[in-house]
Amino acid sequence: MDGTTTAATGEFQLPREHYLNAKYGIRSWLLTTDHKRIALLYLASVTFFFFVGGIFATLIRIHLLTPNGLLVTPETYNKLFTMHGVAMIFFFLIPSIPAVLGNFLIPIMIGAKDLAFPKINLLSWYIYLVGGCFVLYSFGTGGLDTGWTFYTPLSSIYSNSAVTPAVIGIFINGFSSILTGLNFLVTVHTMRAPGMTWFRLPLFVWAHYATSLIMVLGTPVIAITLLLAGLERMFHFGFFNPAYGGDPILFQHLFWFYSHPAVYIMILPAMGVISEIIPTFVRKPIFGYSFIAASSIGIAVIGFIVWAHHMFVTGEATYAAIAFSFLSYIVAVPSAVKVFNWTATLYKGSISYDTPMLYALGFIGLFTIGGLTGLFLACLGLDIHLHDTYFVIAHFHYIMVGGAVMGYVGGLHFWWPKITGRLYPEYLARAAAIILFIGFNLTFFPQFILGGLGSPRRYSNYPPEFQVLNVMSTAGASILALGYLLPMVYLTWSMRYGKIAGPNPWPTTGLEWKTNSPPLTENFHETPVVDWEPYDFVHRPDLGLKGAKPPGKLAPAHGDD
Amino acid sequence: MQSQLPLYPESASNFAPDVDGLMLFIVGVCIFFAVLITVAIVYFFFRYKRKTPDEIGAPIHGDLRLEITWIVLPFFLLLSMFGWGAVVYVDYRHIPSNTLDVYVIGKQWMWKLEQPNGRREINELHVPVNRNVRLILASEDVIHDFSVPAFRVKMDVVPGHYNSMWFRPTKAGRYHFFCSQYCGTSHAIMGGWVTVMEPDDYAAWLAGSTGSGDPVALGARLYNDLACNTCHSPDGKGRGPSYNGVYGSKVRLADGSTVVADDAYIRESILQPTAKIVAGYQPVMPSFQGLVSEDQILALTAYIKAQKDQPVPVKPAAGEPATGKK
């Protein structure tokens with residue numbers, strides 16, 4: 001770790017050479033095959049789509065201040081919530097953690113120089129951009145009003161909006177996901193450093209391994225499903241429209257076969273982030289490592305066989321509904337296992353409340369509420385009442401925003417010193433985390449009550465008795481917006497003016513913290529050898545913590561598979 | 001009168017107590033776990049706050065007994081939620097006999113409803129209190145959903161399918177119904193009111209008008225106009241089977257299986273005649289897809305239903321040059 005400290009002051013300095021100053025110029029970014037630079041390209045593009053989706057969300061919440069709608073026509077409102085969903089799900093949430101944090105960290109965490117296929121990694125980003133351009137073209141030329149679920153025959157026949165370019169865009173974007181997933185799988189299998197056995201992998205890597213399985217196995221299904229809907233729209237092939245001999249329910253089966261596992265694509269990486277943050281700020285091993293790792297795989301596998309719980313009131317066979325309800329309850333078990341283990345990790349820890357830890361604790365709380373409310377919807381008798389109401393909206397925002405986005409923003413804070421070499425203003429960051437937490441709950445908790453009252457989703461206007469709860473929700477959303485703007489501002493500021501972080505500011509145990517901040521283009525000067533167990537603070541005298549013992553005679557790694 | 005900040009909807013059907021009981025049970029379990037986790041986090045957070053900057057936590061790696069406990073215990077709780085929920089759902093999906101049948105057609109963006117005597121309504125539904133009501137749902141275009149929060153019921157209205165739902169209103173009054181499956185531009189105004197009336201009031205209301213005419217008479221007219229009668233003669237001698245006594249009976253099919261001749265079967269036989277061939281007949285009937293509206297299908301169904309008690313003709317003997325599809 002040359003040139004990172006000056007002995008005189010103890011202050012850190014940036015390393016002389018790192019991936020950010022290795023080359024300059026626009027070509028060095030657009031043609032880079034460095035996974036860290038590609039991660040930053042993704043960071044810029046997913047942030048852009050987060051803004052686009054966020055603006056739609058803002059307009060939606062303002063519109064819903066009054067029962068008859070304040071701002072736009074019903075037609076425009078329908079486009080707003082559709083485009084909010086499409087931008088956020090396909091172009092922000094699905095790529096966010098894997099393509100930004102996963103891309104940046106997975107090779108460093110396992111001690112590799114890059115992903116297995118660096119050029120394919122760059123290709124994924126370009127495919128994402130091309131898909132994104134088609135979708136933006138759809139937004140710009142008439143917009144999209146089918147709902148992000150594209151239910152047929154509304155999307156394939158009846159909608160008068162720009163469905164075709166959007167469907168093509170999402171189809172193309174699917175390949176980006178597939179290639180990223182494939183890249184991660186091959187990398188984790190083949191490029192682990194000596195001593196980095198499967199059960200020494202950080203849980204972040206386990207979570208991404210599970211996510212990648214879903215990406216590779218599930219994404220082709222949604223791609224082909226949307227393509228079929230597009231073909232029906234363009235050429236009137238009868239896949240889904242009964243007037244042409246198709247079946248609209250078939251579309252829902254195919255759509256949810258991917259789109260339910262896609263929820264796990266969004267949440268599993270966030271769980272991985274939380275599993276890294278908690279041991280760091282509790283300074284003890286994560287409780288039940290193998291149970292957390294196994295639960296990620298369990299969620300990925302069982303997640304593939306619960307899809308028809310989105311269809312309990314479509315008239316599907318009673319026995320099918322019973323089977324899918326049962327399986328949906330089963331998938332709740334591994335999620336609960338994670339929550340219990342994270343909580344147990346706090347026991348007898350040495351807990352600090354640095355910003356990433358606040359996000360992690362917020363995540364546990366919000367994800368718990370999101371997960372528990374899923375039990376209401378998996379319940380057959382109760383889903384008859386709650387299906388397609390605001391209860392569903394609140395539930396999945398607790399999972400996706402309270403869970404996935406909190407995990408993403410928490411992870412950005414946690415690894416920001418590694419990515420940029422600099423620290424952000426800590427007290428401002430803590431304030432932002434608390435503002436986000438409060439704003440989020442005020443926005444979405446009232447929607448559970450709205451849903452219990454039966455207020456249907458996707459309504460541009462609503463009966464007047466629902467107004468008070470809608471106003472509360474909009475008030476919360478304005479706090480939430482502030483909570484998002486703050487980190488954008490101070491993180492950007494810190495890239496130039498933040499305090500130099502040093503290689504391991506927290507300090508913590510992962511391999512990524514053994515290299516410079518920011519790392520070299522090759523990540524490490526020489527291939528690291530892993531001879532410690534994950535999240536072990538005791539046998540790590542290099543961290544400079546009290547009571548550390550020498551590395552000692554650890555059992556040698558079980559083979560070097 | 002609703003308060004400014006209602007917390008739970010009115011209860012006005014047989015399903016409301018079931019669904020609300022389930023809701024209370026799951027809310028209870030969830031609050032227990034949410035409080036457990038929250039209290040644990042907050043307690044640990046303050047109890048084990050870092051005291052010196054270089055302090056580390058106790059090196060605890062896990063505990064198998066705890067892991068098993070928090071896998072097995074939640075599993076059984078989840079199982080109880082599943083089981084109870086399934087019981088309520090099976091009750092909802094199993095439609096009792098002897099219901100008051102109302103036909104409901106959804107189209108962008110209105111509801112057309114038709115009472116048994118042919119009285120028609122738009123975006124209004126009148127039903128008597130304490131009587132099992134079945135709604136038979138059809139769509140003319142996209143997927144809609146008929147949802148009555150005060151009854152705790154909803155069902156998708158899917159083009160190309162007949163779906164049915166039922167409920168027994170338990171309290172007279174007026175209740176919102178909504179379209180709760182997104183169906184395009186004016187989705188948000190595709191709703192109306194269910195009026196639950198005392199039986200006498202309902203009878204008086206029903207007698208007040210028969211709307212655009214008796215559905216059986218309309219169906220009889222269509223039976224001639226669409227030339228159904230050329231094949232489906234009442235005496236069973238035509239190329240297709242007779243309608244007499246068909247509705248509600250078990251029909252034996254060419255492949256040896258049997259099917260109950262309900263609304264969905266009749267609808268399918270009009271639109272996709274070759275899907276199910278009655279034993280002893282040939283698949284010669286053309287499809288009426290696109291030639292008859294959902295309204296007309298309902299009228300034809302009503303007509304066929306009215307022939308339920310007519311004498312059933314003797315089936316053509318096997319070996320006779322058999323003819324047509326029902």
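Just so we're on the same page: letters track the sequence lines, and every chain starts at 1.
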Salt-bridged, B:Glu55 to B:Lys49, with N to O below 4.0 Å? no

Where does B:Val27 contact chain A at under 4.5 Å (heavy atoms): side chain, backbone, both or neither? both

Counting heavy-atom pairs under 4.5 Å with chain A, the top scorer among B:Ala188, B:Ala34, B:Gly160 is B:Ala188

Starting at CD1 of B:Ile95, measure out to CH2 of B:Trp166 and round the result to the nearest 0.5 Å. 9.0 Å

Looking at B:Ile56, B:Thr185, B:Thr52, which makes the most heavy-atom pairs under 4.5 Å with chain A? B:Ile56

What do you reckon, are the aromatic ring centroids of A:Phe287 and A:Tyr347 less than 6.0 Å apart? no

Ranking A:Ala243, A:Ser352, A:Pro74, A:Pro446 by heavy-atom pairs under 4.5 Å to chain B gives rank one to A:Ser352

Please walk me through it: do B:Met23 and A:Leu386 pass side chain to side chain contact (heavy atoms under 4.5 Å, CB included)? CA-CA 10 Å; B:Met23 178 78 111; A:Leu386 296 175; 4.2 Å; yes

Report which part of A:Val538 has an atom under 4.5 Å of a heavy atom belonging to chain B: side chain, backbone, both, or neither. both

Quick check on the interface: out of B:Val142, B:Leu66, B:Val88, B:Leu271, who has the most heavy-atom pairs with chain A under 4.5 Å? B:Val142

Return yes if a side-chain donor-acceptor contact under 3.5 Å exists between A:Arg458 and A:Thr82, otherwise no. no

Hydrogens and angles aside, do A:Ser295 and A:Lys338 bring a side-chain donor and acceptor to less than 3.5 Å of each other? yes

Quick check on A:Thr152 against chain B: is it the side chain, the backbone, both or neither that has a heavy atom closer than 4.5 Å? backbone

Taking side chain as everything from C-beta outward and backbone as N, CA, C, O, which of these in A:Leu382 sits under 4.5 Å from a heavy atom of chain B? Side chain, backbone, both or neither. both

Proximal component of A:Phe326, with respect to chain B [non-hydrogen, under 4.5 Å]: both

Salt bridge flag under 4.0 Å for residues A:Asp388 and A:Arg457: yes

Let's test your reading of the structure: which of A:Phe537, A:Tyr151, A:Trp342, A:Tyr158 forms the most heavy-atom pairs below 4.5 Å with chain B? A:Tyr158

Picking from A:Lys79, A:Lys284, A:Glu75, which has the most non-hydrogen pairs under 4.5 angstrom with chain B? A:Lys284

Does any heavy atom of chain A fall under 4.5 Å from the side chain of B:Gln108, the backbone, both, or neither of them? side chain

With only heavy atoms counted, which part of A:Ile286 is less than 4.5 Å from chain B, the side chain, the backbone, both or neither? backbone

A:Thr318 versus chain B, heavy atoms under 4.5 Å apart: side chain, backbone, both or neither? both

Would you call the rings of B:Trp111 and B:Phe146 parallel, tilted or perpendicular, where under 30° means parallel and over 60° means perpendicular? perpendicular

Okay, B:Val19 and chain A: the region with an atom under 4.5 Å from a heavy atom over there is both

Measure distances from A:Phe81 to the heavy atoms of chain B and classify the residue's part below 4.5 Å as side chain, backbone, both or neither. side chain

Scored by heavy-atom pairs under 4.5 Å with chain A, the best of B:Gly191, B:Ala16, B:Ala86 is B:Ala86

Which atoms of B:His161 come close to chain A, meaning under 4.5 Å heavy atom to heavy atom: side chain ones, backbone ones, both, or neither? side chain

Heavy-atom pairs under 4.5 Å with chain A: which of B:Met165, B:His187, B:Gln289, B:Lys51 has the most? B:His187

Note: vs chain B, highest number of non-hydrogen pairs under 4.5 angstrom among A:Asp383, A:Thr368, A:Thr343 is A:Thr343

Mind checking whether B:Phe151 and B:Phe177 have ring centres under 6.0 Å apart? no

Could you please spell out the steps behind the side chain to side chain donor-acceptor pair (under 3.5 Å) verdict for B:Asp262 and B:Tyr162? CA-CA 10 Å; B:Asp262 58 6; B:Tyr162 266 166; over 6 Å; no

Looking at B:Asp18 and B:Arg152, is any side-chain nitrogen of the basic one under 4.0 Å from a carboxylate oxygen of the acidic one? no

Quick check on A:Phe445: does its CZ atom have over 12 non-hydrogen neighbours (other residues, nucleotides or ligands) under 6.0 Å away? no

Between B:Ala40, B:Ser164, B:Cys179, who has the most heavy-atom pairs with chain A when the cutoff is under 4.5 Å? B:Cys179

Taking side chain as everything from C-beta outward and backbone as N, CA, C, O, which of these in B:Tyr92 sits under 4.5 Å from a heavy atom of chain A? Side chain, backbone, both or neither. side chain

Got a sec, which residues hit ring-ring contact (aromatic ring centres under 6.0 Å, His included) with A:Phe376, two or more places apart in sequence or on another chain? A:Phe391

Heavy-atom contact with chain A under 4.5 Å, split by part of B:Asp63: both

What part of B:His94 lies closer than 4.5 angstrom to a heavy atom of chain A: side chain, backbone, both or neither? neither

Which atoms of A:Ile330 are under 4.5 Å from chain B, going by heavy atoms: the side chain, the backbone, both sets, or neither? side chain

From A:Ile384 atom CD1 to B:Lys154 atom NZ, the distance as rounded to the nearest 0.5 Å: 9.0 Å

Would a line drawn from the ring center of A:Trp148 to the ring center of B:Tyr182 be shorter than 6.0 Å? no

Side chain, backbone, both or neither: which part of B:Asn163 has an atom under 4.5 Å from a heavy atom of chain A? side chain

Just so I understand: if I count every heavy-atom pair under 4.5 Å between each of A:Phe312, A:Tyr462, A:Tyr289 and chain B, which residue has the most? A:Phe312

Which one of A:Asn241, A:Asn341, A:Ile449, A:Val339 has the most heavy-atom pairs closer than 4.5 Å to chain B? A:Asn341

Enter the distance from A:Glu316:CD to A:Met311:CE here, rounded to the nearest 0.5 Å. 5.5 Å

By a 4.5 Å heavy-atom criterion (distance strictly below it), what part of A:Ile364 contacts chain B: side chain, backbone, both, or neither? side chain

Taking side chain as everything from C-beta outward and backbone as N, CA, C, O, which of these in A:Thr146 sits under 4.5 Å from a heavy atom of chain B? Side chain, backbone, both or neither. backbone

Do you know the tightest heavy-atom contact between B:Thr69 and B:Pro74? O-CD, 3.6 Å

Shortest non-hydrogen contact from B:Phe25 toward B:Met81: CE2-CG, 3.7 Å

Under a 4.5 Å heavy-atom cut-off, does chain A meet the side chain of B:Thr38, its backbone, both or neither? neither

